[in-house]
Amino acid sequence: MRFANLRWLAFLVYVVLGFALAPGLLWGLAGLTGGGLVGLSFLFALRFRALARLDLHKQSKPLTVAEAPREHRIAEEYCRRLGIEKPMLRVIETTGINIGVYGFSRENQVVLFTRGLLQSWRKDLVEAVVARALCRIWTGEVPNETWLARLFEIFYRFEAALLPGGKPSPLKAAVVQILLYPLTLFPTFVLKSSVDENDLDSKSARMTRDPRSLAEAYRRLDASSERTPCRIPFGARHLFLSSPPSMDPLARLFFSKPSFGKRIKAVESLFRTASAQ
């Protein structure tokens, strides 16, 4: 958690200096101060009512206890074991199978299910991925990743403003991306989670005492990613357990995760070790 806060401060300094550097060079201290205030105002605008304004949040709806008693019971039990606040549960209406987490503070976070997962998975598989999602919340890294999702929303709106109308020419799109993408490199580096995915797999499997179900869940996620892709905003794809495929070069460069094949083998080694003991 401490390092997550330090990395967020690095992001804050980057944004403030980004707005203040050019005015500072042109007009000295007055320009530096004015630019810094603009940078702080930009961050405030990003954060103001940010959860309600997040595209992912607007596309989903609350998952009530009456609608999903099983999922609420699972979340309550594993939150008790992890010593964290129970997050809100929401659902996004897509036939794709996935689960994600987001939120701007440890006390106000969301576990987001796809409708496809709720309708097609049995209890032990749901338990496995809910435990995995809650372990990610436990790390304290989710607020930073949600800030990154919010930043990418602004980035893509700006890109859409520069490429109005229908399908833009590939050359114009490439020029815009060359100009804008470098601005996202440092925020992506400092805000993207630094927690090892395999460590979280191991922690969640130990908590459920059922690594076999987590391995099977990963097999199903891997198989469904191409057959029934989960349509979610690009800027939020890193918030999900399975990153939907994307043709965007930024996604392939910065939001790639270890392949499910390697993760399945690592999880399977856990129950082989448990069986040998």
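All residue numbers refer to positions in the sequence shown, counting from 1. Scope of the values below: all heavy atoms of this structure, side chains included, with no hydrogens, waters or symmetry mates.
When the side chains of ILVMFWY residues are joined at heavy-atom separations under 4.5 Å, either directly or via intervening members, Leu200 and Tyr218 end up in two distinct hydrophobic clusters. Linking ILVMFWY residues whenever their side-chain heavy atoms come closer than 4.5 Å, directly or via other members, leaves Val195 and Ile84 in distinct clusters. In terms of hydrophobic clustering, with Ile, Leu, Val, Met, Phe, Trp and Tyr side chains grouped at heavy-atom distances under 4.5 Å, Met88 and Val65 are assigned to different clusters.
Side-chain atoms of Thr114 come within 3.5 Å of backbone atoms of Gly96 as a donor-acceptor pair (strictly under, hydrogens ignored). With Asn144 contributing its side chain and Ala4 its backbone, the two residues share a donor-acceptor pair below 3.5 Å. Remark: the backbone N or O of Leu63 is paired with a side-chain donor or acceptor of His72 at under 3.5 angstrom. Although no hydrogens or angles enter the test, the distance criterion places a donor-acceptor pair under 3.5 Å between the side chain of Asn98 and the main chain of Ser242.
Annotation: side chain of Asp55 is in contact with side chain of Gln59 (closest heavy-atom distance under 4.5 Å). Counting only heavy atoms from C-beta outward, the side chains of Phe3 and Ser194 never approach each other to under 4.5 Å. Here the side chains of Val142 and Phe104 are not in contact, with every heavy-atom distance at 4.5 Å or above. You'll find the side chain of Pro143 stays beyond 4.5 Å of the side chain of Ser105, heavy atoms only. Using a 4.5 Å heavy-atom threshold, the side chains of Met207 and Leu82 count as touching. The shortest distance between side-chain heavy atoms of Leu214 and Glu127 does not fall below 4.5 Å. Residues Thr184 and Leu151 fail the side-chain proximity criterion, which asks for heavy atoms closer than 4.5 Å.
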Intermediate values then yes/no, side-chain contact (heavy atoms from CB on, under 4.5 Å), Tyr14 and Leu183: CA-CA 10 Å; Tyr14 171 80; Leu183 299 176; 4.3 Å; yes
side-chain hydrogen bond (donor to acceptor under 3.5 Å, both in side chains) evaluation trace for Arg150 with Thr146: CA-CA 6 Å; Arg150 182 81 180 112; Thr146 309; over 6 Å; no
Lys86/Val111 under side-chain contact (heavy atoms from CB on, under 4.5 Å): CA gap, chis, key distance, verdict: CA-CA 9 Å; Lys86 180 189 172 188; Val111 173; over 6 Å; no
side-chain contact (heavy atoms from CB on, under 4.5 Å) assessment of Ile74 paired with Val126: CA-CA 9 Å; Ile74 293 169; Val126 174; 4.1 Å; yes
Leu239 vs Val101, side-chain contact (heavy atoms from CB on, under 4.5 Å): CA-CA, chis, key distance, verdict: CA-CA 6 Å; Leu239 301 175; Val101 292; 5.7 Å; no
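Applying the 6.0 Å contact sphere to CD of Glu76 captures more than 12 heavy atoms from other residues, nucleotides or ligands. Within 6.0 Å of NZ on Lys123 lie no more than 12 heavy atoms contributed by other residues, nucleotides or ligands. More than 12 non-hydrogen atoms from other residues, nucleotides or ligands lie less than 6.0 angstrom from CH2 of Trp121.
For Ala223, the side chain to side chain contact (heavy atoms under 4.5 Å, CB included) partners two or more places apart in sequence, or in a different chain, are Arg227. With sequence neighbours excluded, no residue satisfies side chain to side chain donor-acceptor pair (under 3.5 Å) with Gln119. The side chain to side chain contact (heavy atoms under 4.5 Å, CB included) search around Asp199 returns Asp196, not counting sequence neighbours. Listed by chain and number, the residues in a side chain to side chain donor-acceptor pair (under 3.5 Å) with Ser224 amount to none (sequence neighbours excluded). Scored by the side chain to side chain donor-acceptor pair (under 3.5 Å) test, Arg53 finds no partners at all (sequence neighbours excluded). Considering only residues two or more places apart in sequence or on other chains, Glu216 meets the side chain to side chain donor-acceptor pair (under 3.5 Å) condition with Arg122, Arg220. Considering only residues two or more places apart in sequence or on other chains, Tyr102 meets the ring-ring contact (aromatic ring centres under 6.0 Å, His included) condition with His57. Remark: Glu93 pairs with Lys61, Arg115 by the salt bridge (charged side-chain N to carboxylate O under 4.0 Å, His left out) rule, at least two apart or across chains. Applying the salt bridge (charged side-chain N to carboxylate O under 4.0 Å, His left out) criterion to Arg80, with sequence neighbours excluded, gives Glu77. Residues forming a salt bridge (charged side-chain N to carboxylate O under 4.0 Å, His left out) with Arg90 (at least two apart in sequence, or on another chain): none.
The CG atom of Leu117 sits 8.0 Å away from the CD atom of Glu71 when rounded to the nearest 0.5 Å. In this structure, the separation between OH on Tyr78 and CD1 on Ile137 is 14.5 Å, given to the nearest 0.5 Å. A distance of 9.5 Å separates CG in Leu221 from CG in Leu125, rounded to the nearest 0.5 Å.
The pair Lys192-Glu145 fails the salt-bridge criterion, with no side-chain N (NZ, NE, NH1 or NH2) lying under 4.0 Å from an Asp/Glu carboxylate O. A salt bridge links Arg132 to Glu197: one of the charged nitrogens lies within less than 4.0 Å of a carboxylate oxygen. Salt bridge status for Asp201 with Arg206: absent, with no side-chain N to carboxylate O gap under 4.0 Å. The existence of a salt bridge linking Glu141 and Arg7 is confirmed by a sub-4.0 Å separation between a basic side-chain nitrogen and an acidic carboxylate oxygen.
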Atom pairs and distances, side-chain donor-acceptor, residues 18-41, under 3.5 Å, sequence neighbours left out:
unit_1, atom_1, unit_2, atom_2, d
Thr33, OG1, Leu29, O, 2.9
Ser41, OG, Leu37, O, 2.8

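Between Phe186 and Phe189, the ring planes are tilted. Angles from 30° to 60° get that label.
Between Ile97 and Ser120, the shortest heavy-atom distance links the atoms CD1-OG, 3.7 Å. Ala149 and Ala236 make their closest contact through CB-CA, 4.3 Å (heavy atoms, listed as atom of the first residue, atom of the second, distance). Heavy atoms only, all atoms of each residue included: Cys79 and Pro87 are closest at SG-CD, 3.5 Å. Closest approach of Ile264 and Ala215 over heavy atoms only: CG1-O, 4.0 Å.
When each of Ile92, Ile99, Val129 is checked for a side chain to side chain contact (heavy atoms under 4.5 Å, CB included) with Phe113, only Ile99 meets the rule.
Evaluation of the salt bridge (charged side-chain N to carboxylate O under 4.0 Å, His left out) test over residues 30-45, restricted to residues two or more places apart or in two chains, returns none.
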